[in-house]
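As a basis for the values below, the full set of heavy atoms in this structure was taken, side chains included, without hydrogen atoms, waters or symmetry mates.
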Amino acid sequence: VWADDAEALRRDDEQVLSNGEPIFVNEHVQKSHRGDATLSVCKWADELDGEPHAFGISFVIESPS
């Protein structure tokens with residue numbers, strides 16, 4: 001669904017994986033179930049099945065009415 005935004009979202013993931021520090025960012029996505037939206041996101045690095053991964057949790061802070 002967020003293919004148009006994947007590169008920007010992946011950059012934040014790569015930052016977390018490269019420095020190991022959590023980040024708190026606002027990310028803009030298009031074509032969400034609410035249309036365009038701005039998300040408040042916390043991302044962090046951890047392991048899953050012995051492999052490093054970026055994890056995150058987000059919530060919508062702004063979307064069109």
Side-chain angles (χ1 to χ4, degrees):
V1 175
W2 296 345
D4 294 342
D5 306 301
E7 186 176 328
L9 301 174
R10 197 170 18 252
R11 275 193 305 266
D12 290 339
D13 293 348
E14 290 169 358
Q15 176 185 341
V16 167
L17 288 169
S18 69
N19 68 23
E21 296 292 323
I23 61 171
F24 298 88
V25 294
N26 291 340
E27 295 178 335
H28 181 77
V29 294
Q30 302 172 45
K31 301 179 184 174
S32 73
H33 71 281
R34 295 182 181 200
D36 288 5
T38 301
L39 308 174
S40 178
V41 183
C42 173
K43 292 187 175 189
W44 65 94
D46 208 338
E47 289 188 4
L48 178 65
D49 296 331
E51 297 291 324
H53 290 275
F55 295 90
I57 188 166
S58 64
F59 60 92
V60 175
I61 59 172
E62 182 180 337
S63 63
S65 300

* Transitive ILVMFWY cluster of Trp44, excluding itself - 4.5 Å side-chain cut-off -> Leu48, Phe55, Ile57
* Work out which heavy atom in Asp4 is nearest to a heavy atom in Gln30; give both atom names and the distance. => OD2-OE1, 4.3 Å
If you look only at distance, which donor and acceptor atoms sit under 3.5 Å apart when one is on a side chain in residues 12-26 and the other is two or more places apart or in another chain?
unit_1 : atom_1 : unit_2 : atom_2 : d
Asp13  : OD1    : Lys43  : NZ     : 2.6
Ser18  : OG     : Glu14  : O      : 3.2
Ser18  : OG     : Gln15  : O      : 3.0
Asn19  : OD1    : Glu21  : N      : 2.7

* To do: Quick one: which residue pairs count as a salt bridge (Lys or Arg N to Asp or Glu O under 4.0 Å) with a foot in residues 47-56, not counting sequence neighbours?
  => none
* Asked: How far apart are the closest heavy atoms of Leu39 and Val60, and which atoms are they?
  -> CD2-CG2, 3.5 Å
